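Here is the structure we will look at, set down as C-alpha cells.
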Number of protein chains: 2
Amino acid sequence: MSTAQGARARARTAVTAAIKDEARRQLAAEGAAKLSLRAVARELGMVSSALYRYFPSRDDLLTALIIDAYDSLGAAAEAAHEKIPDADLMARWTTTCEAARAWALAHPHEYALIYGSPVPGYSAPVTTVAAASRVGLLLIGIVRDAHRGPGLAGLSVPAGLRPEAERMAADLAPDLPPGTVIAMTAAWAQLFGLVGFEVFGQFNRLVEDPEPFFRHAAARLAESVGLGGS
Amino acid sequence: MSTAQGARARARTAVTAAIKDEARRQLAAEGAAKLSLRAVARELGMVSSALYRYFPSRDDLLTALIIDAYDSLGAAAEAAHEKIPDADLMARWTTTCEAARAWALAHPHEYALIYGSPVPGYSAPVTTVAAASRVGLLLIGIVRDAHRGPGLAGLSVPAGLRPEAERMAADLAPDLPPGTVIAMTAAWAQLFGLVGFEVFGQFNRLVEDPEPFFRHAAARLAESVGLGGS
DNA sequence: GTCTATAACGAGATAGAC
DNA sequence: GTCTATCTCGTTATAGAC
C-alpha cells in the first residue's frame, strides 16, 4: 500500500503523522482537555489554518489519536498472544493481559486517553469501536477455544441477569454460554481496573512490585471466566 | 463544633464552601485540567486574590476537592454498609460495592477526579490517603469479620508473590492471611474497574441494564476474596 | 488580626486586520 | 501566512476597611 503511493500521497501521510506525533507530545504534557490545534501547528512551524486540511476539527484529531491508541494497544496484545501455542489457553490469557499492562505502562498518556476520564465536550464517534474491541475480541477467542475442547461447563447467572446475558451473548459470542459472556465482560472491565490503578498511581506506596501481583491477578481472572483451575 | 463557632469562623466556612461548590461546577463543565481560580472568583463576584485567603494555591483547592470527593464516597459507602446486619457478610460486601457504584453514577465528575486520569502537573499530597482509604478499609473490615468465624481457609499465593503478600499484609491487615490481602487489593482495583467502565461509558451499547450486571459481578468479587460461595 | 480590592508580573492563548 | 492588540491564567505586593 505505501509503496504504491504517489509523492503527493506520501507527503500527506508524512505530515499527518507529524501532526499526530506532536499532538501526542502535547497529550503527555498538558492532557487531552488542553489539546489545541494552534499549539500543534506552532510547534510544527505551520499556521493553524493549514492543519484543517489534515484534520477538519480538534475533535477529529482527538478521534484519530484515540483510534491509533486502541490500535497500538490491540496490536501489542495480538503480537504477544500470537507467540503462545494454541493449546496453552491459560498462557494465552495471561500473556494477553500482561501485554495490555505493559503497553499501558509504556504509554500512560495514551492509556489515559482511551480508558481514563472522558474529555469534556468530546464524544467518541462509532468509528472508534472496531479498534476499541480488539483486546476484548482476543480474550473472547481464547475462551471460545476453551469451549471447543472437552465439556467445559457454562457459568451460571442469576435469574435477574438472564435476559441481559442472553442478549449480550447473541451480540458478542452466540457460540458461548450466556454466563460465560457475562463473566468475560466483567473480567474485561476488571482487567483494566487493575491496569488503571497501576498506571494512575493508585497502587503507590501499597503494592511495591506490581508485576508479580498483576500476573497472579490475571491468572485468577482467567479462572473467573472458566479457564484453568477454579 | 459548628455551634461553637463565632460569626467570623462561620463566615469563613460559608465562603470556603461556596468556593468549593463553584469549583465543582467548573469541574463538571470543563474538567479538572481547566479548573481556574480566576473563573471561580469571577463567578462568585470576588476578586481572584481574595481566594488566596482560603486556598493558598490552585493545587490546594484541587486537593480539597479530592479529599471531599473521597470523603463523600466513603461516607456514602459507610452509611449503606451500616444498615446491614453484621452477620450477613455477603450483603455487607455487595451493599458496599453497590453504594460505591451509586455514588460514582451520581457524581461522575468527582469520580473522574479521584479515579480517572491524573491531572497534568498535579501530584496528590499524602493528606489525601486517609480519605482515599475509607472504602478499602470498609471492605477489609468485612473480610476480617469473616475470618473471625469458623475456619475460613486463607487464599494461596504463588511463591514469587509471597514476599510482597507478607509485606502488604503486615502493612494493611496483619490479622489476615497474606493471600487474602492480595486478593482484596485486586478485588478493590477490579471493583473500580467495573464502576469506571460504567461511569465513563465503556459499557455503552454493550451492557443494556448495568445494575443487575454489576450486582452479580460484585457478588463474584466477594467470592474471590473468600466470602460466601466459591 | 482578618479580610477584600487594586494593580501588576510574566507567560500563554486568541481573534482579526493586514 | 504574519503581526498585533487584547484576552486569559496563577500568583504576588500593597494598601486600606472592618
Side-chain angles (χ1 to χ4, degrees), chain A residues 8 11-12 14-16 18-62 65 109 113 117 119-122, chain B residues 1-68 109 113 117-125 127-128:
Chain A
R8 191 171 291 123
R12 189 179 170 78
V15 176
T16 306
I19 293 170
K20 292 200 285 193
D21 279 351
E22 177 55 35
R24 269 185 282 267
R25 217 163 294 136
Q26 296 200 12
L27 219 59
E30 301 274 17
K34 287 199 181 159
L35 185 98
S36 125
L37 281 186
R38 276 186 105 99
V40 171
R42 188 180 335 118
E43 216 64 31
L44 290 175
M46 300 177 148
V47 85
S48 62
S49 56
L51 279 201
Y52 286 86
R53 292 182 49 82
Y54 298 87
F55 295 97
S57 77
R58 188 201 83 125
D59 283 8
D60 288 284
L61 174 54
L62 254 186
L65 295 177
H109 303 101
L113 183 64
S117 322
V119 183
Y122 171 85
Chain B
M1 202 193 241
S2 69
T3 58
Q5 275 181 338
R8 236 181 317 280
R10 213 163 39 243
R12 185 169 225 291
T13 18
V15 176
T16 307
I19 293 171
K20 292 199 284 194
D21 280 351
E22 177 55 35
R24 269 185 281 266
R25 219 164 292 135
Q26 295 198 14
L27 218 61
E30 301 273 17
K34 289 198 182 162
L35 210 207
S36 135
L37 277 191
R38 285 188 112 110
V40 170
R42 197 181 321 125
E43 216 63 33
L44 291 175
M46 300 178 147
V47 82
S48 66
S49 59
L51 283 202
Y52 285 82
R53 285 282 141 180
Y54 300 89
F55 298 96
S57 76
R58 191 200 85 123
D59 283 6
D60 288 282
L61 174 54
L62 252 187
T63 301
L65 295 176
I66 288 172
I67 292 177
D68 278 8
H109 303 103
L113 182 65
S117 323
V119 183
Y122 171 85
S123 163
T127 1
T128 57

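In this text the structure is predicted, and so the values were computed from the model without any measurement.
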For atom CZ of R12(B) and atom C1' of dC3(C), their distance in whole Å: 9 Å
Quiz item: S49(B) side-chain donor-acceptor pair to dT6(C) base, under 3.5 Å: yes
Identified side-chain contact (heavy atoms from CB on, under 4.5 Å) counterpart of R58(A) within the set L61(A), D60(A), L62(A): L62(A)
Interatomic distance, R25(B) atom CZ to L35(B) atom CG [nearest 0.5 angstrom]: 12.5 Å
Nucleotide nearest A50(B) when distance is taken to its side chain, options dT4(C), dT2(C), dC9(D): dT4(C)
Distance in angstrom units between L37(B) CG and dA11(C) P, rounded: 20 Å
Spacing of R58(A) atom CZ relative to dA13(C) atom P, expressed in whole Å: 14 Å
Check: L37(A) main-chain N/O paired with S48(A) side-chain donor or acceptor under 3.5 Å: no
Contact nearer the 5' end of DNA chain D, comparing R53(B) with D59(B): D59(B)
d(OH, Y54(B); P, dT2(C)) in whole Å: 12 Å
Between C1' of dC7(D) and NZ of K34(B), the distance in whole Å: 15 Å
Under 3.5 Å donor-acceptor pair, R38(B) side-chain atoms to dG10(D) base atoms: yes
Side chain of V47(B) (C-beta onward), nearest among dA5(C), dC9(D), dA15(C): dA5(C)
d(OH, Y52(B); P, dC9(D)) in whole Å: 11 Å
T128(B) side-chain N/O to A124(B) backbone N/O, donor-acceptor pair under 3.5 Å: no
Step-by-step side-chain hydrogen bond (donor to acceptor under 3.5 Å, both in side chains) determination, T63(B) to Y122(B): CA-CA 9 Å; T63(B) 301; Y122(B) 171 85; 2.6 Å; yes
Shortest side-chain distance from S36(A), nucleotide among dT4(C), dC9(D), dT14(C): dT14(C)
Spacing between L35(A) atom CG and dG12(C) atom C1', to the nearest angstrom: 16 Å
Rounded distance (Å) that lies between atom P of dT4(C) and atom CZ of R42(B): 18 Å
